[in-house]
Amino acid sequence: MGSDPLQGILDQIAAEARENPERGGVADYIPELACIDPDQFAIAIARPGQRTLTAGDADVPFSIQSVSKLFMLALALGKLGDRLWSRVGREPSGHSFDSMLLLELEKGRPRNPFINAGAIVTADAVLDGSTPREALGALLRFVRAAAGDDAIHINDRVAASETATGHRNFALAHYLRSHGNLRNPPELTLGTYFHQCAIEMSCTQLANAGRFLIGGAGAPRLVSARRIRRINALMMTCGHYDGSGDYAYRVGLPGKSGVGGGILSIVPGVASVAVWSPGLNRYGNSKLGTEAMETLATRTGWSVFGPGA
Ligand code: GLU
């Protein structure tokens, strides 16, 4: 596929992933995700003004799950600006994605918009004053515009599956409501949240959708440069839950993971990278995806902390 040296690196990473027997376990607490074939792997790199490079199963759609939280955050900041931060913090939690613990100690103000409690508040902020259908329509328009792809859609089966089993998220939502930090009925906010998590994208589509966070010349302008820096900062510090420090150490790039096995990472000013492998590590982040990002960062020298490969 042409002479771009990055293509060779991607092909090699995909070949190594294919051979790796240690693939982690798929998320089985959402029944629709429990039956995904763990032997899949894809990686894609999108750069402004250049062809998107891919390797592996890059056109297979997967459930982006929590990667959706960064798109919803961009919408919420567009709607509320800094007022959002009175309802949700900007600190890493050091706890699992669905933890209740800090929420009780900190009186219903979630630590950050990427843990479930914070993402539920963020969805609630976007939902305020509209219907779930309108809020999800706005989200899909944003994602489709970012990716330049109108085929991106929500998988209703996955949303229904999580609605039927998402007891922890219901607990979080009701707890938030008891502290006055949920403006809409929990069923409506969670309906919005479960459907946003059920957006499906291929790795190619996700890498393209991430281009708005690259910044610099030629990248799509959906949010201001200032906001790009801030979303990237949150992805770096909070994007991988209690594995965020480990991801920053090993990869050195802002990233957001989802329990569907996808990770979107940004190389500021350079590229948007999506990787997907359904098996998860102990933090609930893609095992092979994290390893692939570490290899990519090493072989390219891409890191916000310095070039040493
Ligand atoms: N929909 C999932 C949940 O709320 C998202 C979790 C994730 O991707 O980390 O449990």
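Values below: all heavy atoms of this structure, side chains included; hydrogens, waters and symmetry mates excluded. Ligands are counted one by one from 1 in listed order, and the atoms in each one are counted from 1 as well.
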Thr52 vs Asn208, test: side-chain hydrogen bond (donor to acceptor under 3.5 Å, both in side chains). Steps then yes/no. CA-CA 7 Å; Thr52 298; Asn208 288 339; 2.7 Å; yes
With nothing but distance in play, are any N or O atoms of [X] less than 3.5 Å from an N or O of ligand 1?
| X | result |
| --- | --- |
| Tyr193 | yes |
| Tyr29 | yes |
| Val259 | yes |

Applying side-chain hydrogen bond (donor to acceptor under 3.5 Å, both in side chains) to Gln40 and Asp57, what does each step give before you reach the verdict? CA-CA 7 Å; Gln40 302 180 87; Asp57 307 304; over 6 Å; no
Would a 4.5 Å heavy-atom cut-off, applied to side chains only, mark Glu22 and Leu288 as touching?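 Not in contact.
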Does the side chain of Met100 come within less than 4.5 Å of Leu172's, by heavy atoms?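 A side-chain contact exists here, since the closest heavy-atom pair is under 4.5 Å.
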Have a look at ligand 1 and work out which part of [X], if any, has a heavy atom under 4.0 Å from it: side chain, backbone, both or neither.
| X | value |
| --- | --- |
| Asn169 | side chain |
| Cys197 | side chain |
| Arg168 | neither |

Does the ring center of Tyr283 lie less than 6.0 Å from the ring center of Tyr247?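 Aromatic pair excluded; centres sit 6.0 Å or further apart.
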Would you please indicate yes or no on a ring centroid separation below 6.0 angstrom for Tyr241 and Phe97?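 Centroid separation for Phe97 and Tyr241: below 6.0 Å.
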Cut-off 3.5 Å, side chains only: do Asn112 and Arg90 have a donor facing an acceptor?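 Looking only at side-chain atoms, Arg90 and Asn112 do not form any donor-acceptor pair under 3.5 Å.
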Among all the protein's non-hydrogen atoms, which is closest to [atom], and how far away is it?
| atom | answer |
| --- | --- |
| atom 2 (C) of ligand 1 | Gln65 OE1, 3.1 Å |
| atom 9 (O) of ligand 1 | Tyr241 OH, 2.5 Å |
| atom 5 (C) of ligand 1 | Ser66 OG, 3.2 Å |
| atom 3 (C) of ligand 1 | Glu162 OE2, 3.0 Å |

Number the atoms of ligand 1 from 1 as they appear, then name those within less than 4.0 Å of a heavy atom of Gly258, with their elements.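 Numbered from 1, ligand 1 contributes 8 (O).
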Applying side chain to side chain contact (heavy atoms under 4.5 Å, CB included) between Arg183 and each of Val121, Asp128, Leu127, report the one that passes.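 Of the listed options, the one satisfying the test is Asp128.
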Heavy atom of Phe194 under 4.0 Å from ligand 1?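 Outside the 4.0 Å threshold, so no.
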Mark the output for Asn116 as yes if a heavy-atom distance to ligand 1 is under 4.0 Å, and as no if none is.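 Distance cut 4.0 Å: Asn116 passes for ligand 1.
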Any idea which heavy atoms bring Thr54 and Asp11 closest together, and the distance?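 So the minimum-distance heavy-atom pair works out to O-OD1, 4.3 Å.
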